[in-house]
Each structure stands twice: as structure tokens, then as C-alpha cells.
Amino acid sequence: ILDKFDPPLDKRERAFATELVYGVLRNHRYIDFLIRALVSKPLRKIQPDVIMALRLAVYELLFLRTPAHSAVDQAVRLLNKKRDHLRSFANAVLRELGRRQERNELPQVDASALPPLEALAIKTSLPDSVLQRVNTLRPFDDTEAWAKSNQKAAPFTIRVNQQRTTRNDLMATLTEAGIEHQTSSLLPFALELQSPGNLQELQSFKDGHFSVQDAGSQLVCHLLEPQAGERIVDLCAAPGGKTSFIAELTGDEASILACD
């Protein structure tokens, strides 16, 4: 989607847009809780474009520390100029949030009035059912620590294709391209990147020297310990990241059936 902007977004703009999208998704339930406390009608009755503009601005105000005037102005600009009443509504909600933030009077999740798991679910923007499941396996303190950790942004991880390069050679390539990186403490073929930008422009990406793949997805393949000569079935394989990694781990010497 970011590639479709005209004029093209620069590296900083791409990073900011990505942070906004994933940040709102990670915190959407808590953000909606705050908005709900500031409006007099159910969120389902607010126009979809208005609620999305509010969510983006709330995330900027509370998590990115964007200056209030800038976050409010950009949110209002997202709305159709012909619907002044919606622009005024969004402006009023966000300015009230800004005032409460300045006074350190943001709406609080009242843990005393809610079941502990429900309060935690709102604060960490997780489904109740997920926390209930985790809490059947762990004590509440561990569940709370897990939920807070789960809310954090995951590292941007790539997988080195050992069939085409080495980790050290790829690290040298990334350094030359000005991309900050570090090795993974969990995985021997993984690198964590800071502000990667548009990796598709790198020749090393075009040459298949690495793939973008979450560390958890890579770890699954390591735990499988695939061996050359084995017959392996990868169910729900799309888009194919684990399938290709299994092939790499076996030196392309296994028979793999990928299904979806």
C-alpha cells in the first residue's frame, strides 16, 4: 500500500505510517475505551472515518507524544471538508482529551469495578478469551506480565538465506546500506533491524539473500528439526515463509508438501 503513494513516501514517512497502523492495532481496545469515555454516544454510531481519525490522533497524543495541535489538525484534515459537523465533533473530542492529558486526568480503567482479567484486557487491548485461556495455565501475575509484554512492538526480523549467503556477509551489506541491525539472541539465522525502510530496493533482497520473517515463525521451523530425505507436510502454508525455511534447513533435500 505504501508503494502506491504519489509522490512516494520517504523513509521517515514510511516508518511513521507503519508505526501509526500497527500502534493503533496494538492498542485499539484501550484507545476505544478512552474515546468512549469522552463521547455521549456508542462508538458504533460514529462514522467509520471519524472513529479511525480519532484512533490515529489518540495514539499520536498518548504514545508518540506528537504535539497536540499537530495531531488534532491532522485528524480533522482527514475528514471531508463538506461535513463540518463531523470535523467539529472530532476537534472537540481530541481537544478535551488533550486538556485532560495536560491535567493528568485521563480516564482510568477502574480495576475495582471490573473483573481483574477484563480490566487487564482493556489496558493491554487483548481479547478477554485470550487472557482467560492464558490465566488457566498461569497465575494472574504471570498472565499480567505476559499481556504487557505481548503489547510491545515486536522486533523487525529478517531470515538469512544460508543457501545464498552468510549472516556475516549480509550484515556487512546492511551496514553498507546504512541499516542498523543486531543478531538475534534466539535464532542463528535471524537479524533484527532498526528502521529498515524499503528493503525491496536492496539488491540483496532481490537476489534472495534474506526474507522478512517474524522470529516466532522462524523458531517453529527450528523446533521441527527437519532433516534431509524426510517427507514433510506444511498445513496452512501461505504465504510460504516457513515452507521455504524448512527447505533451507534441509539443504533443499526434503520432500515438502505445502497446503493452504
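Numbers here simply count residues along the sequence, with the first being 1.
Ile232 contributes atom CD1, which lies 13.5 Å from atom NZ of Lys242 (distance to the nearest 0.5 angstrom). Residue Arg55 holds its CZ atom at 4.0 Å from CG of Asp32, rounded to the nearest 0.5 Å. Going from atom CZ of Arg164 over to atom CG of Asp169 covers 15.0 Å, rounded to the nearest 0.5 Å. The CZ atom of Phe210 lies 5.0 Å from the CD1 atom of Ile158; values are rounded to the nearest 0.5 Å. The line from CG of Leu54 to CD of Gln47 is 12.0 Å long, rounded to the nearest 0.5 Å. The NZ atom of Lys45 sits 10.5 Å away from the OG atom of Ser40 when rounded to the nearest 0.5 Å.
Placement of Trp146 and Ile122 in two distinct hydrophobic clusters is found when ILVMFWY residues are connected by side-chain heavy-atom separations under 4.5 Å, directly or transitively. Hydrophobic clustering (ILVMFWY, side-chain heavy atoms < 4.5 Å, transitive): Val212 and Leu219 are in distinct clusters. Val72 and Leu106 fall within the same hydrophobic cluster, where Ile, Leu, Val, Met, Phe, Trp and Tyr residues are linked whenever their side-chain heavy atoms come under 4.5 Å apart, directly or through other members. Hydrophobic cluster membership differs between Phe16 and Phe156, with clusters built from Ile, Leu, Val, Met, Phe, Trp and Tyr side chains linked at under 4.5 angstrom. Residues Leu43 and Tyr30 are members of one and the same hydrophobic cluster, defined by side-chain heavy-atom contacts under 4.5 angstrom among Ile, Leu, Val, Met, Phe, Trp and Tyr.
With sequence neighbours excluded, the residues satisfying side chain to side chain contact (heavy atoms under 4.5 Å, CB included) with Asp84 are Arg87. Scored by the side chain to side chain contact (heavy atoms under 4.5 Å, CB included) test, Gln203 finds Lys206, Asp207 as partners (sequence neighbours excluded). Not a single ring-ring contact (aromatic ring centres under 6.0 Å, His included) links Tyr22 to another residue, sequence neighbours left out. Shown here are the ring-ring contact (aromatic ring centres under 6.0 Å, His included) partners of Phe63, two or more places apart in sequence or in another chain: Tyr59. Residues passing the side chain to side chain contact (heavy atoms under 4.5 Å, CB included) test with Ala147, sequence neighbours excluded: Leu120, Thr124, Leu126, Leu131.
Other residues, nucleotides and ligands contribute more than 12 heavy atoms inside 6.0 Å of the CD atom of Gln151. In the displayed structure, Arg83 atom CZ is contacted under 6.0 Å by more than 12 heavy atoms of other residues, nucleotides or ligands. Atom CZ of Arg133 sits in a sparse spot, with 12 or fewer heavy atoms from other residues, nucleotides or ligands closer than 6.0 Å. Within 6.0 Å of atom CZ in Arg103, more than 12 heavy atoms from other residues, nucleotides or ligands are found, so the atom counts as buried in its surroundings.
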Before you tell me yes or no, could you show the steps for Gln101 and Leu34 under side chain to side chain contact (heavy atoms under 4.5 Å, CB included), namely the whole-Å CA-CA distance, both residues' side-chain angles and the distance that decides it to 0.1 Å? CA-CA 11 Å; Gln101 184 182 25; Leu34 294 174; over 6 Å; no

Does the pair Leu199 and Leu193 meet the rule for a side chain to side chain contact (heavy atoms under 4.5 Å, CB included), with working shown? CA-CA 11 Å; Leu199 295 177; Leu193 310 188; 3.9 Å; yes

Could you walk me through whether Glu144 and Arg138 pass the salt bridge (Lys or Arg N to Asp or Glu O under 4.0 Å) check? CA-CA 10 Å; Glu144 183 178 32; Arg138 307 179 182 189; over 6 Å; no

Please report the C-alpha distance between Leu64 and Leu20 in whole Å, then the side-chain angles of each, then the deciding distance to 0.1 Å, and finally whether the side chain to side chain contact (heavy atoms under 4.5 Å, CB included) criterion is met. CA-CA 9 Å; Leu64 299 185; Leu20 283 178; 4.0 Å; yes

Could you give me the CA-CA distance, side-chain angles and deciding distance for Glu102 and Arg99, then say whether salt bridge (Lys or Arg N to Asp or Glu O under 4.0 Å) is met? CA-CA 5 Å; Glu102 290 179 356; Arg99 286 191 288 268; over 6 Å; no

Applying side chain to side chain contact (heavy atoms under 4.5 Å, CB included) to Thr66 and Leu61, what does each step give before you reach the verdict? CA-CA 5 Å; Thr66 301; Leu61 286 168; 5.8 Å; no

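With a 4.5 Å cut-off on side-chain heavy atoms, Gln194 and Gln182 count as touching. Counting heavy atoms from C-beta outward, Pro188 and His222 have side chains that approach closer than 4.5 Å. Inter-residue side-chain proximity for Thr166 and Val160 is flagged as unmet; no heavy-atom pair is nearer than 4.5 Å. In this structure the side chain of Leu78 never reaches within 4.5 angstrom of the side chain of Met52, judged on heavy atoms. A heavy-atom distance below 4.5 Å is found between the side chains of Leu202 and Leu174.
Inspection of the Glu248 and Gln163 side chains reveals no N or O donor paired with an N or O acceptor under 3.5 Å. Using modelled atom types, one finds no donor on one side chain facing an acceptor on the other under 3.5 Å when comparing Arg159 with Ser217.
Checked by atom type and distance alone, the side chain of Thr250 never pairs as donor or acceptor with a backbone atom of Ala228 at under 3.5 Å. In this structure, Thr175 contributes its side chain and Met171 its backbone to a donor-acceptor pair below 3.5 Å. Listed for the Glu230 side chain is a donor-acceptor partner under 3.5 Å among the backbone atoms of Gln227. Remark: the backbone N or O of Gly208 is paired with a side-chain donor or acceptor of Asn161 at under 3.5 angstrom. Without hydrogens or angle criteria, His181 side chain to Ile179 main chain gives a donor-acceptor distance under 3.5 Å.
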Pairs under 3.5 angstrom only: tabulate donor-acceptor contacts from the side chains of residues 251-260 to other protein residues two or more places apart or in another chain.
{"unit_1": "Asp260", "atom_1": "OD1", "unit_2": "Ala237", "atom_2": "N", "d": "3.3"}
{"unit_1": "Asp260", "atom_1": "OD1", "unit_2": "Ala238", "atom_2": "N", "d": "3.2"}

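Across all their heavy atoms, Leu187 and Arg167 have their closest contact at O-NH1, 3.8 Å. The minimum heavy-atom distance between Ile31 and Val24, with the atom names listed, is CD1-CA, 4.3 Å. Closest approach of Asp10 to Glu13, counting heavy atoms only: OD1-N, 2.7 Å. Pairing each heavy atom of Leu86 with each of Leu79, the nearest pair is O-CD1, 3.8 Å. Considering every non-hydrogen atom in both Gln200 and Phe205, the closest pair reads CA-CD2, 3.6 Å. Scanning all heavy atoms of the two residues, the minimum distance from Pro226 to Cys221 falls at CD-O, 3.3 Å.
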